[in-house]
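The sequence lines fix the lettering, A, B, ..., with proteins before strands; numbering per chain opens at 1.
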Amino acid sequence: MSELSHQHHSPGFLKKYIFSEDHKIIGIQFLFTGLVFFAIGGILAMMVRLQLAWPDGNLPYIGKWFPQAWGGKMSPDFYSMLFTMHASVMIFFVVIPWLTGAFGNFLIPLMIGAGDMAFPKLNMLSYWVLWPAFIIICCSFFVDGGAAGSGWTAYPTLSNTNAEAGLDAPVAKEGEQAKKEPYSLFKDDSRNSPAASGSGMGQILWLVSLLFVGIGSMMGSVNYITTILNMRAPGMSLMRMPLTVWSLFITAVLQALALPVLTVALILQLLDKLIATNFFLPPGGMTFGNWQTTPGGGQPLLWQHLFWFYSHPAVYIMILPAMGISRKCLPPFHASHSSATSPWSSPWLALPDLALLSGVITCFKAAWIPVLAPGSCWQPL
Amino acid sequence: MKIFWSLVFAVINIGALGIFIAAPYMGWWLPKNVSSFGGDVDRLFYIILAVTGFFFVLTQGILVYSMIRFGDRKVEKASYIHGHLGMEALWTAVPCLILMYLGFVQVPAWAKMKYIDLETWFPVRFSGKNIEHDLDMVVLARQWEWRIRTPQGSRAANAAQWAETGNLNDLHLTNEIHAWKDARVRIHLKTQDVIHSLFLPNLRLKQDALPGKTMPVWFQAIEANVKYNPATGQLEELTPNGAWEIACTELCGGSHYRMRGKLYIHESKQDYDRWFADAMKLQRSHELNKQANIAASTGGRQ
């Protein structure tokens with residue numbers, strides 16, 4: 001009987017280490033998948049550096065792997081793809097999963113004395129919903145035109161212009177039936193972009209992949225906020241909470257507020273690309289070489305507003321947990337064993353951060369009304 | 001030994017500081033300013049540099065001092081201060097005040113850049129009123145070049161209309177902006193495909209071009225870099241390294257890096273007019289040649 005009940009309580013390998021609901025295991029999972037993407041992002045950065053080191057010459061080591069047409073050199077579009085994907089991978093697949101996913105999951109329950117996260121299943125989901133993103137972003141390197149190449153900011157109309165279906169398709173000779181090749185995701189001409197070679201299928205996969213990352217991060221942030229507010233051990237008041245948890249808490253709030261806007265923007269751009277809506281295409285249409293696009297009815301600037309609503313706070317999403325961790329790790333090294341590490345001092349240390357944070361965010365919000373913020377250089381109006 | 005490394009650290013910091021202080025005087029830093037409002041932009045840059053530089057010296061100085069004083073010798077224990085409300089209020093208030101100061105000090109510079117006439121705060125935007133400017137110009141960005149169009153007689157009669165439609169006797173150029181010294185140049189900035197950004201570093205001017213919009217920008221160059229020689233038909237550089245750059249500063253596709261041009265500031269309006277007349281003649285002869293070629297190839301049928 002006791003054996004049976006023991007078996008009942010110990011989950012199998014799959015449940016314990018793979019589809020785990022334990023916050024520590026999930027934290028470790030975030031850490032290790034982040035490491036894999038850290039390597040991928042690092043390789044992309046090394047290739048950027050390699051090109052910069054031999055700007056005009058044939059590239060050593062990797063030159064022979066390039067297509068014949070490039071002549072041992074890196075094509076400009078490939079270079080755009082490299083830094084675009086480097087930034088995207090490092091931001092969305094390394095820094096954010098590490099700082100919020102890995103450290104948040106591992107540290108929050110331990111530091112506030114909770115048994116686990118408030119929603120263990122949601123926590124598991126917040127990790128596993130990233131896997132479609134991992135797979136899609138890796139696939140996007142191999143589609144026609146290469147991975148996304150319009151910068152990690154993916155500004156329209158560089159990113160969302162589609163060529164008309166069949167514009168690039170080979171023209172059939174007279175008296176000959178046009179060959180129709182079987183559909184393949186990796187050779188889909190109909191979504192090629194006249195603006196940049198990576199803005200075809202590569203851009204679509206980039207958008208889909210980031211959608212999954214966004215949804216995963218939102219799940220995580222809801223979990224952190226609930227856990228921190230509701231599951232602190234008796235006596236662990238908010239003002240006694242360690243600074244690391246404070247920083248993770250503020251990060252989670254920021255994510256919960258800002259990320260939905262990016263997610264919406266990604267969906268809008270995806271609609272532009274897939275079903276030819278005109279959220280970000282200008283009313284007058286555009287001219288690429290001899291080809292005139294149909295008039296849109298949208299506004300390319302709208303993307304910048306939506307995108308930066310997330311990406312300015314994202315700067316603090318990325319720095320705050322790191323600041324919180326370093327404030328906790330540093331004191332032991334300068335022999336300050338007294339109350340510097342005690343939760344008592346945390347509210348005083350957290351206050352400037354809070355002030356800075358709210359101030360900066362208010363500034364950027366105000367910057368959207370040009371009269372209020374004359375110095376907002378990124379505002380092109 | 002710890003003192004040795006503290007001193008190495010201090011020397012590196014002092015060296016870095018020295019380079020920062022020397023850079024503006026040695027011309028290592030910013031390209032030569034030739035714009036009427038460029039001085040204000042540069043001043044803002046140096047104010048911010050001075051503020052950050054002051055805090056760099058302060059924090060690094062305290063760090064080096066502490067390393068030498070407390071690093072090695074166990075003569076005394078450092079004292080720790082906790083929960084000092086006054087100090088915390090101070091280091092919150094000081095950055096706040098500095099940021100507010102920077103926020104206000106930039107307003108006049110911004111106003112000068114955006115408004116062509118500061119006296120009346122007349123917007124560079126086209127309100128239909130008679131704006132004091134000397135030269136109209138349409139800069140049309142495309143993948144991957146700048147197409148510049150200037151009207152006969154420098155100023156367009158109905159500028160907003162002209163910017164969209166143009167006249168038959170406009171001068172068309174690629175990757176070359178021509179103006180003369182002290183001319184108030186109004187640029188109607190457009191793009192025909194993706195977002196580009198017109199950057200004239202010597203004029204301290206940068207403006208995004210948005211698809212579907214005509215963006216107004218203006219500049220006034222206070223120095224010339226070329227003189228036209230009608231005898232040879234060449235532009236002669238007045239100063240060594242006289243070529244001032246036009247660049248695109250918004251990723252606009254694979255060949256973004258190639259999207260560059262040159263800015264020519266003539267020494268006077270007469271010089272500009274002489275060059276314009278010859279450039280116009282050249283353009284006409286090209287057009288006639290082209291028409292003749294078309295006529296020849298089609299046998300007179302068009």
Identify which part of A:Pro156 has an atom lying under 4.5 Å from any heavy atom of chain B, answering side chain, backbone, both or neither. backbone

Nearest-0.5 Å distance, [atom1] of residue [X] to [atom2] of residue [Y]:
X	Y	atom1	atom2	value
A:Met286	B:Thr191	CE	OG1	9.0 Å
B:Asp193	A:Thr293	CG	OG1	10.0 Å
A:Tyr155	B:Asp208	OH	CG	7.5 Å

Do you know which two heavy atoms are closest between [X] and [Y], and how far apart they sit?
X	Y	value
B:Val194	A:Ala195	CG1-CB, 3.9 Å
A:Gly149	B:Leu251	O-CD2, 4.0 Å
A:Thr157	B:Pro211	OG1-CG, 3.8 Å

Tell me, yes or no, whether the heavy-atom count around B:Tyr101 atom OH, taken from other residues, nucleotides or ligands under 6.0 Å, exceeds 12. no

Spell out the residues in residues 79-89 of chain A that have some non-hydrogen atom less than 4.5 Å away from a non-hydrogen atom of chain B, in order of number; otherwise answer 'none'. A:Ser80, A:Phe83

Chain A contact via B:Gln143 - which portion, at a heavy-atom distance below 4.5 Å: side chain

Check step by step if side-chain contact (heavy atoms from CB on, under 4.5 Å) holds for A:Leu158 and B:Glu250. CA-CA 10 Å; A:Leu158 184 64; B:Glu250 186 65 61; over 6 Å; no

